Amino acid sequence: MQNLFVFVVLSISGVWATVPRPRGVSISMASFYTPGEKFRCLDGSRTIPYEHLNDDYCDCQDGSDEPGTAACPTGRFHCTNAGYKPGTVKSSRVNDGVCDCCDGTDEYSGLIECVNNCKELGKKMREEQQRVRLLQEQGYKTKLEQINEGRKKREEKKAMVEALEKSKIQLETLRNEKEAKKQEVEEPETEAKDKHKQQWEEVKAQREAQAENERINEAFIKLDANKDNIVDIAEIMAHSEFDINSDGEVSVEEAKEHLEDAEQTDPAYFAEKVWPHIKDLFKKEEKEVEDPGAEEPKVPEVMDNPDYDEDEEEEHDEDEHDDEDEGDHDPYTDDHEHPDELPLEEENKKGDQEMPEYDEETKKLIEVADAARAEFNEADSKLKDAEKELNDLKSYLNGDYGPDEEFSTMKDQCYEYTDREYTYKLCPFDRATQRPKGGGSETRLGSWGHWAGPETNIYSAQKYEKGQNCWNGPDRSVRVDMTCGLENMLTNTYEPSRCEYVFEFSTPSLCTPVPADSTRDEL
Ligand code: MAN
């Protein structure tokens, strides 16, 4: 039974005391092992005599009767590790020839001798704890500043919202006034413009009617070969284009059909009844004679000219064809060596087809309406700017920047980290991206999603989601793990699974003051 008891020295409120307990039992569990009393297995399964503790025979299923031997497979051996931190190892490691506890208490059989290095480990641990405490303390100071800044920012934004809501009402009123004014002056403007356009349409229609009359007259003159001011069957028959059945001649019946069953036609009947039905045929013939290889080009060449005026025929001479201002160009007689003439004529025609300028009164109305439109546009864009600013402010105020606004300082900032291949960028509460170091386009790894830490520490991680789709894989996403650090900084990035990234981010926002006695050891 030499293994049964160890006597350890415990300091309670500065008073040193020994607590007898079986080997491998921690001080906090010592009360369950009372000398002289029967021992109840910790799982309550059975009760055994005190002497059966650590007798190298496993009585309790949970191994609680053999904390200091390797007899129970489920047993745990407690190392006091005075000077360092207490710990437990599996009972199977007791006396297995390997030093597991820094105080060497798990190896008491004499098989090997363990060096107690708890003091050394304890020193290192305390140094590390001190470093962390300093870091937390220093970081916490910055966190307090961040909290101040964040709260101030929220208050400022709230005040801005209030002021903007008020000025928005004024801007709306002004915009509505300007809109009413605009509508008021646009009405007479539209009326005047429409009137002008309508007049122009009428002029165009008149011109077209006149041109059509000219075409009819020209056609009549051409068909009226004997110039008796009557077109009869024989004169129609003389025009091969009226050969309906294409048998090489125009029959009497065909001619009559073109004359709408009349024997002859005067100009009035021709215009009203005959022309509407023959004008396409007549035109067709016009095209055919344009062919330089066609027979007798001399007759149609004058008649074909839409500007041809029979009365003026005599006046035309070679010289007049050179006068560009006349606009009387005959495609057959004009000298085609002068290519400039035709474009100018086209230009003149084009000028004729363009609507003339508005009259002075309409121009004035347009001017007034333009000014009203400009004033409205200005008022409207001022209102839109205010609305946008309001939206931005409200979206900021809807954000969750930590319980004390401590994370707000990282909003509207971006942090970068470069590894072997990529430069990663995190713009907190906005997006995460990746850019190849060697150049190339940026890949969106995710947009701000939500806080993603465990329930007890939700502000320790962030999630960025719905990034660019990964070929044959998920949409890219990032989890940002945050820890206490002296400044906001992206300290590491990795891709544990394809297109799923982890960013490590240090921030004072997660530093907490450390209670002075938090590193006290069990001795
Ligand atoms: C790019 C990068 C990588 C990613 C692959 C997936 O190369 O975004 O991080 O693993 O695409 O195809």
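Small disclaimer: the values here were computed from a predicted structure and weren't measured. Every number for a ligand or one of its atoms is a count from 1 in the order of the listing.
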Give the atoms of ligand 1, by number and element, whose distance to some non-hydrogen atom of C499 is under 4.0 Å. 6 (C)
Ligand 1 atoms nearer than 4.0 angstrom to some heavy atom of R498 are 6 (C), 10 (O), 12 (O)
Going by distance only, is there an N or O of [X] that falls short of 3.5 Å from an N or O of ligand 1?
X: R476; value: yes
X: Y422; value: yes
X: Q434; value: yes

Value for CD1 (I112) from CD (E107), rounded to nearest 0.5 Å, stands at 4.5 Å
Any side-chain heavy atom of [X] sitting closer than 4.5 Å to one from [Y]?
X: T173; Y: L171; result: no
X: L390; Y: L164; result: yes
X: N492; Y: F503; result: no

Carboxylate-amine/guanidinium proximity below 4.0 Å for E375 and K182: no
Looking only at protein heavy atoms, which one is nearest to atom 3 (C) of ligand 1, and what is the separation? Y501 OH, 3.6 Å
At what distance is the nearest protein heavy atom to atom 4 (C) of ligand 1, and which residue and atom is it? E495 OE2, 3.5 Å
Would R23 pass as a cation-pi partner of Y108, given that its NZ or CZ must be under 6.0 Å from the six-membered ring centre and within 45 degrees of the axis? yes
